[in-house]
Each structure stands twice: as structure tokens, then as C-alpha cells.
Amino acid sequence: MELVEERPYRFRIDPRRGMRVPGVVFASRELLRDAEKSLEQVVNVATLPGIVGASYAMPDVHWGYGFPIGGVAATDIDAGGVVSPGGVGFDISCGVRLLAADRDRQALEPALPALMDGLGRVTPRGAGPGGVWRLSGHRELERVLEGGSRYAVEQGHGEERDLRRCEDGGAVTGADAGRVNERARERGIGQVGSLGSGNHFLEVQQVMEVYDEPVAAAFGLAAGQVCVMIHCGSRGLGHQICSDHVRAMDRAMARYGIDVPDRQLACVPVDSPEGRAYLGAMAAAANYGRANRQLLAEAARRVFRRETGSRLTLVYDVSHNLAKTETHRVNGEARRLCVHRKGATRAFPPGHPDLPEDLRGVGQPVLIPGTMGTASYVLTGVSGGGAFHSTCHGAGRVMSRHQAARAVGGKELRARLEADGIAVRPLSWRGLAEETPEAYKDVDAVVEASEGAGLCRKVARLVPLGVVKG
DNA sequence: ATGTCC
């Protein structure tokens, strides 16, 4: 792939065969080693009808279903722009929630084993059913799908203030429970408040380093402080919605005269019956994912209160797998865009009108989960970023699950992590081994490149004290 | 990511 280095951490792929816009890749040469397949996907995405600006790749880009993970693509809704489920991903609204304790590491150190045992006990995880919230029935599931974290808080699962620190106030608009079919509902009804598996985790962390003290303070973070980070998504419900709509769009595409270089890029105009159906269902799954994180946070709060008497305050909750309708200036003109972020995090700059008042001066908290056993980051949005206010979402995988499990045994890995002072509460040895840190890119390098590319700014670095895994 | 194949 021919990459033109425009400036440090920014490469361009010039338009060729069918590309409507260039590709823009934010990364270092080192991070792009073995990235050929994902760069082909960046090129494929650039052919989508209505795409504006560029087909973007974040520094953690890696190969995904149709679109690369770590990809951003915006389409012009009023100019026939398309929406594609592959641009959101199977785990709709997968994201991160960070809570800060009112204690530092020293104060909580003696209680850590009990905290980890408690968190391990109350956190449903792994594949299949199970969740901390038993819904009264399908009517209540509809409320979750349309109300997200807001509905959870209304039902007593959280505090009103939480909602001010959630993307979209805890519930995305446009959710249509009527678009969520029976099968997705059946899968979703018993999983509200569950972690899932794979790279999802709940970690107890410590703020190791603060890069920007005033911004960290505005976020509610200080050096030494203990935090809880929750990384999960919309479980089987989101997965079902994605599968159903990929199939439906694959069949409908030809009727709109759309031809894509890869069937996994199935898409239809945003402004079409199939497009609206997907976006209504996707928004419902997004709210499900938010309620999911709200419930897990409440369970963690109860454990912290019971074991230590400490309180957990929400720093922020943000998704990194979502398509959203946003207004951006394109060639000097304000346009309504469908911004697909797949493994990419929205990062509003200071002054953005959609930020809550107390964060407007400093920008949006961007939460970057590292790999199990490695650092995580809190970043903030900056002006002029250049990818529709988006940045990276974490470390990208470099080793397949199978390769990872062959490279290390679960028990051996746990011993290694515990020797490093990280308590581990796994569900399965195999699942643990598949998530070994060497299976992922170096999150420090990813964040370095994201900041170097001008997509965001570092605020704090967090290291794990204990991890609960599916 | 995912009742890791309807």
C-alpha cells in the first residue's frame, strides 16, 4: 500500500480505483507493521456512496468485519450517504465507563483482596445468559432499549448526576424498540448487567500519572486515586441486530444501485426504510449497552461501599462502536453526517455545545481501555483533530485468539500477573490466555501516536490493581 | 464481539 507521509503520525492514501475520497491513516510506521489487510479495508470504505472527507484509520487500526476496527467514516445524509452495520461492528455501543473512588491506593490496599472477591462474585460474565438486573418482562426491556442509563437511574440503579457524565445524557435519541425483533429481545432480556467475554473487563485501577492536572481535576481524577473501569457492550442483543441488518442490507443494496468491493460493507442510504430500520435498532442496542454499564457500575458501587465504605463517582461513559448523526462543516458548509466510529472514540474538543457545562471548558473525557494487565488512559478531545472529533479506542489485536492461547497458559498468565501485583478473577483459563497482553499492540504507543497526530491530549495514565474477566 | 454454525 502506497502511504504518503503528510506529517508525523499522518499518512495519506491517494484515491484510486473507485475511491471517492482519500484514506487518512493516523499512526507511526511501527504501528502499521502487518497492517496491509486493514489498509485495504480503509481503501474499500473510501468507495462508499456519500462518504466525505476521508476514510480514516486510528493508530490502533486492525482488521475487522468489512470496515477496519479503528476506522471512522462519515457520510452526507442529505446527499445519498449510506449507513453500514459493518461500520459500527457486531458489538453495538461497546464502550467504557470509568468511576473514581474517594480514596487513594494506600487507603484501599488492605481491602483489595476482599474488593476483588466481591467484584468477582457480583459481576456476571462469560458467554451466555446472566445479568445483575432481572427485568420484569418484555415491556420493561423496551424501556431499557429506549431509555438506556436514564431508565436504569429512574429505577434506582444510580444517581441523577451519573447521567450528566454519560455520552448523550445516558440515552441516545432515535431508539426504536419496535425495530428490535423477537430473537434479539430473547437474547437481551437476561443479560442486562453482564460483562461478556473477549477483551471486556472490569478493572480496579490506580491513577499512576497525571499529565494535565487542571483537566484531570475537572474530570474528578488525581494521582494515586483508585478507579473502576468497565469495558463491555450490548451482548447478544447487539450482535443479533447487526447480523440481521447486514443480511437485510446485503439483499436490498442492489435496489439502490449500490455496489461495494466487499460484501461485508453491505449498506443502504441513511434516508431509506432499511437505513432507518437499522439506525432505530442500533440506537436501541446502544441504550441497552449503556444500561448494561450503568448496572455493572451499581454492582461495583455496592461492593466498594460494603467492603470499604468508599464512594464511586462517575467520571464518564463513552462508546467506541456507534454511528451517529452529527453536524460538521464540510468544505465550509454545515452538513448532517452519519459518522461511523468502529473501534474509535468520539472526542469533543473544549467548547463543544454537546458537552455538559462542567466539562465544556476542558473537553470530553476519552476513555481508553488497555489490554488486561497493561495501562489504560484518560484523554481529552482537542480542536481541529481532523477525523470528525474522533480518536483511538485501545490497543488493537495483533495475535489471533488461537495464537494467543497457544503462546501462554491461563494459569501461567495469572501467576505472572499476580507476581506483578495484579489480582485476577478469571472465569476460564482459556479465556484468560486469549487476552494475554502480548496478543495486543502497545497501548502506550497507540496513545502516543494519537496525541502526536493531534487527535487528543493525554490527561492521565491508569494501571491495573485487579481485573475481573469473562 | 457472539447461545464462537441456523
Side-chain angles (χ1 to χ4, degrees), chain A residues 38 41 60-71 84-97 123-131 141 180-202 230-248 250-251 264 281-282 285-286 288-290 292-293 296 318-323 340-345 369-372 393-406 410 427-436 439-441 468-470:
Chain A
S38 38
Q41 294 189 314
D60 48 340
V61 67
H62 58 287
W63 184 84
Y65 180 89
F67 287 58
I69 296 162
S84 172
V88 171
F90 276 86
D91 195 3
I92 296 168
S93 200
C94 179
V96 184
R97 172 174 291 228
T123 308
R125 55 197 190 275
L141 178 63
V180 178
N181 68 26
E182 195 53 33
R183 199 144 156 219
R185 290 171 188 232
E186 287 298 338
R187 292 181 69 172
I189 198 158
Q191 296 185 319
V192 189
S194 66
L195 210 50
S197 57
N199 64 355
H200 291 163
F201 64 69
L202 182 149
I230 298 166
H231 177 205
C232 65
S234 52
R235 305 293 329 275
L237 182 133
H239 191 274
Q240 190 66 49
I241 288 169
C242 181
S243 316
D244 291 345
H245 289 263
V246 164
R247 203 177 318 112
D250 185 52
R251 285 196 290 253
Q264 296 186 350
M282 182 213 68
Y288 182 95
R290 286 137 192 241
N292 193 20
R293 291 192 285 274
L296 286 172
V318 65
S319 165
H320 47 233
N321 278 8
L322 213 54
H340 300 73
R341 294 189 185 87
K342 180 191 195 177
T345 315
T371 309
M372 167 187 69
H393 88 302
R397 217 175 227 292
V398 288
M399 226 186 257
S400 71
R401 295 188 188 292
H402 186 73
Q403 274 178 300
R406 222 172 24 190
L427 188 73
S428 82
W429 296 120
R430 165 84 192 193
L432 191 71
E434 287 175 352
E435 295 302 314
T436 188
Y440 286 84
K441 288 184 193 177
V468 176
K469 285 291 293 184

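Labels below follow one simple rule: chain letters A, B, ... track the order of the sequence lines, proteins then strands, and each chain is numbered from 1.
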Ignoring backbone atoms, test whether A/S243 places a side-chain nitrogen or oxygen under 4.0 Å from the OP1 or OP2 oxygen of B/dT2.
-> no
A/R397 and its side-chain hydrogen bond (donor to acceptor under 3.5 Å, both in side chains) partner, picked from A/E435, A/Q403, A/H62, A/E434 = A/E435
note: A/F90, atom CZ; B/dT2, atom C1'; distance rounded to Å ~ 8 Å
Whole angstrom value for the distance that separates C1' of B/dT2 from OH of A/Y65 = 13 Å
Can you tell me the distance, in whole Å, between the CD atom of A/E186 and the C1' atom of B/dC6?
-> 16 Å
How long is the line joining CD of A/E434 and P of B/dT4, in whole Å?
-> 13 Å
Walking DNA chain B from its 5' end, the first of A/R247 and A/S234 to be reached, judged by nearest nucleotide, is A/S234
In whole angstroms, the gap separating P of B/dC6 from CD of A/E182 amounts to 18 Å
How is A/G238 classified with respect to the nucleic acid when contacts are heavy atoms under 4.0 Å: base, sugar-phosphate, or nothing?
-> nothing
Grab the CD-P distance between A/Q240 and B/dC5 for me, whole Å please.
-> 14 Å
Over how many whole Å does the gap from A/Q403 atom CD to B/dT4 atom C1' extend?
-> 17 Å
How would you label the contact of A/G198 with the nucleic acid (heavy atoms, under 4.0 Å): base, sugar-phosphate, or nothing?
-> sugar-phosphate
Rounded to the nearest 0.5 Å, what separation is found between the NE2 atom of A/H231 and the SG atom of A/C94?
-> 3.5 Å
Keeping the roles fixed (side chain from A/K441, backbone from A/V61), state whether a donor-acceptor pair exists under 3.5 Å.
-> yes
A/H239 NE2 to B/dC5 P: how many Å, rounded?
-> 9 Å
Evaluate the side-chain proximity of A/P124 to A/L195: yes if any heavy-atom separation is below 4.5 Å, no if none is.
-> no
So, is A/R401 near the phosphate of B/dT4, with a side-chain N or O under 4.0 Å from OP1 or OP2?
-> no
